[in-house]
Amino acid sequence: MQPEHTNPAEGGRGPAAPSKSETAAAANERGSLPRLSGSGWGGRLHGLGPIAGLVLLCVAGTLLNSSFADVDNIMNVLTRTSFIGIISVGMCFVIISGGIDLSVGSMAALIAGSMILVMNGLTGAVASPALVIAIGMAFALLLGGVLGLAHGLLITRGRIEPFIVTLGTLGIFRAYLTYLSDGGAITLDMNLSDAYSPVYYASLLGVPVPVWVFLAIALLGGLLLNRSAFGRYVQAIGSNEQVARYAAVNVDLTKTLTYVLLGICVGIATVLYVPRLGSATPTTGLLWELEAIAAVIVGGTALKGGSGTMTGTVVGAILLSVIGNILNLTSIISVYLNAAVQGFVIIIVAFLQRRRT
Amino acid sequence: MQPEHTNPAEGGRGPAAPSKSETAAAANERGSLPRLSGSGWGGRLHGLGPIAGLVLLCVAGTLLNSSFADVDNIMNVLTRTSFIGIISVGMCFVIISGGIDLSVGSMAALIAGSMILVMNGLTGAVASPALVIAIGMAFALLLGGVLGLAHGLLITRGRIEPFIVTLGTLGIFRAYLTYLSDGGAITLDMNLSDAYSPVYYASLLGVPVPVWVFLAIALLGGLLLNRSAFGRYVQAIGSNEQVARYAAVNVDLTKTLTYVLLGICVGIATVLYVPRLGSATPTTGLLWELEAIAAVIVGGTALKGGSGTMTGTVVGAILLSVIGNILNLTSIISVYLNAAVQGFVIIIVAFLQRRRT
Amino acid sequence: MSLTIAFESVSKDFGPVRVLRDVSFSLPPGKVHGLLGENGAGKSTLMKILGGYERPTQGRVWVDGKPCDFASPREAEMLGIVLIHQEINLAEDLTIAENIFLGREHRRGLFLDAARMRTETAALLKRVGLNVDPDARVSQLIVAEKQLVEIAKALARDARLLIMDEPTATLTPTETDRLFGLISQMRGRGCSVIYISHKLDEVARITDDIVVMRDGAYVTSRPTASVSRREMANLMVGRELEDLFPSKAHAPENAEFALEVQGIEVPGWAHDVGFSVRPGEILGFAGLVGAGRTELFEGLLGLRRRTSGRIRIGGRETQIRNPRDAARQGLTYLSEDRKGKGIVLSFGMRQNLTLMALQRYTHPLLDAAAERRAMEQAIQAFGIRARDPEALASSLSGGNQQKLALAKVLHPGPGIVVLDEPTRGVDIGAKRDIYFLIHDLARQGLAVIVISSELVELIGLCHRVAVMRTGYLTAMLDAEQLNEKELIAHATGTHQSS
Amino acid sequence: AEPVTLGVSIPAATHSFTAGVVWWSEQAKKELEKAHPELKVIVKTSSGAPQQANQLQDLLTVNKINALVIMPFESASLTQPVMQLKKKGVYITVVDRGLTDTSAQDAYVSGDNTAFGRLAAEYLVEQLNGKGDVVVLRGIPTTLDNERMDAFKAVTDKHPDIKILDARYGNWNRDDAFKVMQDYLTRFKHIDAVWAADDDMAVGVLKAIRQADRKDIKIVFGGAGAKGMVKTILDDSNPLIKADVSYSPKFIYDAIKLTAEARLKGEALPAKTIIPSVLITKENAKDFYFPDSPF
Ligand SMILES: Nc1ncnc2c1ncn2[C@@H]1O[C@H](COP(=O)(O)OP(=O)(O)OP(=O)(O)O)[C@@H](O)[C@H]1O
Ligand SMILES: Nc1ncnc2c1ncn2[C@@H]1O[C@H](COP(=O)(O)OP(=O)(O)OP(=O)(O)O)[C@@H](O)[C@H]1O
Ligand SMILES: [Mg+2]
Ligand SMILES: [Mg+2]
């Protein structure tokens, strides 16, 4: 049976606006990242979101205070970003695999405290400060790895939600640090402190050591995520754990490793952090978890996991500390409203790179 | 990376500890053809997890200090749970629908501050304190609803991750309160304070008012979740958004409503909170978001959404405050370690009711 | 009562790719129309447009002489157009009843009328022959049961036009018969049906006329009675198809068993099952939905709890605690649930293909170029139709996803492979290619186990077929004994001599 | 006399000062319980106002205290909860932050927040000869912080040549202070003095100055008299640190001791005891140095 009325404007609709269901379908293909296909402008804008945000912010910063663009200031910002940045690299794996870790700030504090105690304890026994520091560093990475392993095992073997496990350890780690420090500060021995301080304060080719380390970790992280089997498995698990399991992926091991990796990243961040102030206090690492998670998510990774980029994460981390820096460099806004401005900027950046649902 | 690690529990013979895949199967097992909905022992244990945890804790509490079981103490605990409890009820909807709200603590602070300012402002104009308080309450609920609506719209229309939106507003709300209070406290007018205080301190049939309100909200929440179309849609969206969309569920509206609902719950909690402390400060409601989310997750709802129970949420909220209460009742543990004990208990409870993935 | 449908120059683009070109044809009311076409021909896309799930880029749909531009499935449903998707679309955390009434709940006052919905669901489930509690969570169901729930869900809508996209891909003959009964009933009540299937015998049995599509374009419509199955295949594929099945090579006789299994017990699903398969042999598994075949092998691979059983691979007693143990010993498994367990939809094709054999591409960084080359080969070998090799798996048509899933489990080069519904949703031409491929692999020494609900497939392809019923292995039939009657008799327990 | 169960409710040890409070409380508990068998001291910490309010209830209902020494998180927020205890007959000593309704307290022992800000300002004015650029780090937005800042401003306002370049929150925390100071240094090419307003924050400030290698800054003034800072003054080991203002957490020790001993005798305390804040310099530093305390 033929349509009774012929349509004069045949084919006249042109490239119509996508319907709800279409876009729903598009969002359902979770891999927003390997999506070179078909999403053209939107897709590219999406990837550029955080970078665009960062560039805009930098322009704004320079306009507000020309010192913003000073090499010194930029190095300051990058250096202070390095802790959160390094942690974010690890966090990126955890989140892409579908997990979360709320404990990183407390973990950093506990590692910093324990590391200082170990180093102070060794000063008597070991002559060379360099050796003491090396042992301290190794200890920090080891402790980070072990704590991460504990998370991983509780989550995979214990089958407890990552949120709960790490909420629990968030309290536990910080409580132990407070206990170790009697609520006060654990301070690194003076001599060690002097020997150690270049790790934070020294520069190589004009770029501070922590920035180099951050760069190295981010590059390694990027390689691991995009160019290694482990990274592929992490993405597969975050996309569909069941499929990964059926495809003979060692889901438990992979997940556990993401937490170990994050723990080691926290250890590295701590190794860089300790020489900065030479002490650990109960406020060390406070709210780092929120910052690290925010860096990852602002960088375009979905909280539900499955896909994400290392570049995005790095840019996200830098972006967050640039906001704080700019606020400190101007007085146009009431100090009370700092957090509000931060909030607005985060939302706006996220809006620029929102995913099409 | 070839995963080499093997899992000794998996595929084990006999009634060994169930592994992930095993328990997945156990959920599938059924003895007779007409499959019963309750999935046997495992299913029931799962549901009982938080309750079992609560009972154990209560026994422990009574052993540590017999006054724990006093009616007064129990009422105290329930009363103080009511804030977080009421917020958790709202949070439960948000999480089940697949969302998250990090801003509830700041929102509570902002609502408390604005509400007090409004009430103080009205005292001159309106004679009856009761009327002032009523207006203040209405204002609190309205403001909560409006802020929730803003979240909902940013998330559904703006298509921004809920984590980011509410992380942003977390900063914004608290900053505005700090601004309103000039960094200090916003204090309720003395006369009003006296007129208002029964809302927190009075009892009805021996049970304090906030407990009644909590009970009412929890019941309403339970009805809404399990017996209304809205609740059904919330679960469907959290379980599979595309399916919900295909079934002509108004996904955006439903999601927005969950945030509005949560906002109103925060408003109600604030209405009960203000007479208790009579003031709002920049630290009001700090970390409530973590507590509310924890209550929901400890109560057995998955962070990824899809399913969850109101009973679990209520029990989760009570459980968390019982832990704090018990810690207050004994002096066996170093004060520094409070948070550690809390962490351990949360993990243990979660272990008891872990879900079979 | 029933609807007249007409497509007028319907075109559909996904980004730069045109998947439907200028499709115009009409469907008279009150009939069962078969919609045929190769994988990726655009059948599902066209039906999604009709069902309001997609909007055409150009052209329009006419329903009962009125132009329609559905903005949502709800609008199509209001006219009585109901679509059963090719992929299962159910909310796993909800119960069957909740899924069936999602979006159109019965209410009593402010609240839901759960009792009424449960009763109605029970009745619907009975009609489709699913004996499960309406309050069971969908996540607890097996694939075939989910498919039946989808059908029940469609029945619950007041359909005047029911579109079924591959409804029987996972159903065994018994359930299929029941479904056909339902279809006849509905047509009797004046409901039209559009039926998409690659099982041509079904199309011949149930449809009144067929519509053929190829490469996104309309080809022809004919009364079913006027075309033979062979002609159908020709119309779809556009070329003459030789025999569907390769001629069977002799089953290897004296070779050592590749896999021997004894006394497998998967609680609730499989009881004391034992079998063995030689290199080069193709062993089939037949049974009804619920016979426990899938679960037997999931138990074997450690994906479900297994309480006893001995496994020997290549003559050596071995432990398989999880799919990794199995993969290490050269045993891989293709799941029947391709969306849930088969492929990562958000991955590209390449990432899916190499997921089980990544170590081959790791030196120590992943060699993406080598992966791409492998993907090109797989596209050739399995006839995967994709617009570009980097396309996301989710943008493939159902049948092409299936081919990708199959390529994935064969990619590690296993010595033994278990294929659960290997040709689910695959078109007849590609099916033939896959049969020949399996046949070739077997000739090179691969031991193949095929679980299938298509008896023809088992008969045409296998050297031996094991039949399961309610968890027990009830018969092991040799090539000579293989015929549909025999298989059904064993599967349903109506076999006299046993 | 009647046995005394004394509850001590203080903020949790989240930074050095509060850690000192905890330490001194434990110290008081140890000494007093040893000296007086009929006395029981229960020390509880809390990490926020609502939690502290909960704790008060628990101390009353379960631990059945009849005397309370409380260092409130927030004056306004805890007035009502303390009032509830007072109504039940508990003897209340409030430490450090007075309640908004003084009828809720029996005695008040406090440090001198006004002097905390005033002394700092006076010292800076004097050292800078009434002229110079000053940057300020504030704590966490609280009434307490406001009081100190207002007192500081009250002094500097009288000296128009003292310019406060900016005042930002460093959250009483070394790391935040470090960042804020770094950015001050970027922003202001000339700074004469820093009022860090807390010894913990001063640690971060010093590190930032050292990193930037800035010579223009002549004074860093912390606050509260942490042992590290007092030691520096005592040893004269840092030219930037010459003085501090005392605001010792030891007042909690004094308050507990006074309350316990008075209650054991059934007596009351004077309504208000102010423990003065004094300027710590090299001369008197040894009186403020307690090497065992974490503060
Ligand atoms: N969301 C999408 N994005 C891009 N391309 C798509 C999308 N959905 C379908 N396609 C493409 O459209 C074409 C038609 O797909 P469709 O699913 O309609 O095929 P089909 O005839 O149903 O095939 P099958 O028999 O395999 O189910 C395919 O080439 C497919 O790759
Ligand atoms: N021992 C048993 N006790 C009770 N019910 C059983 C038993 N065995 C099987 N069933 C029923 O069988 C169904 C599950 O079928 P199953 O998936 O095991 O079969 P299958 O052969 O793999 O099916 P398919 O052909 O879809 O692959 C359920 O309906 C279940 O109720
Ligand atoms: Mg299709
Ligand atoms: Mg099966």
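Source: prediction; values computed, not measured.
- Remark: Ile346(B) CD1 to Ile172(A) CD1 distance equals 8.5 Å, nearest 0.5 Å.
- The number of heavy atoms from other shown groups lying within 6.0 Å of CZ (Phe163(B)) is above 12.
- Looking at Leu167(B), only its side chain comes within 4.5 Å of chain A, counting heavy atoms on both sides.
- Within the model, atoms OG1 of Thr166(A) and CD1 of Ile347(B) stand 8.5 Å from one another, a figure rounded to the nearest 0.5 Å.
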Original post:
Run the side-chain contact (heavy atoms from CB on, under 4.5 Å) check on Ile164(A) and Phe351(B) step by step: do they pass?
Top reply: CA-CA 10 Å; Ile164(A) 298 278; Phe351(B) 184 77; over 6 Å; no
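- For Leu170(B), the part lying under 4.5 angstrom from a heavy atom of chain A is the side chain only.
- A donor-acceptor contact shorter than 3.5 Å links the side chain of Tyr336(A) to the backbone of Asp182(B).
- Distance check, rounded to the nearest 0.5 Å: CG of Leu290(A) to CD of Glu289(B) gives 8.0 Å.
- Each of Ile297(A), Leu154(A), Thr169(A) has some count of heavy-atom pairs under 4.5 Å with chain B, and the biggest count is that of Ile297(A).
- At distances below 3.5 Å, at least one donor-acceptor pair connects side-chain atoms of Glu161(B) with backbone N or O atoms of Leu303(A).
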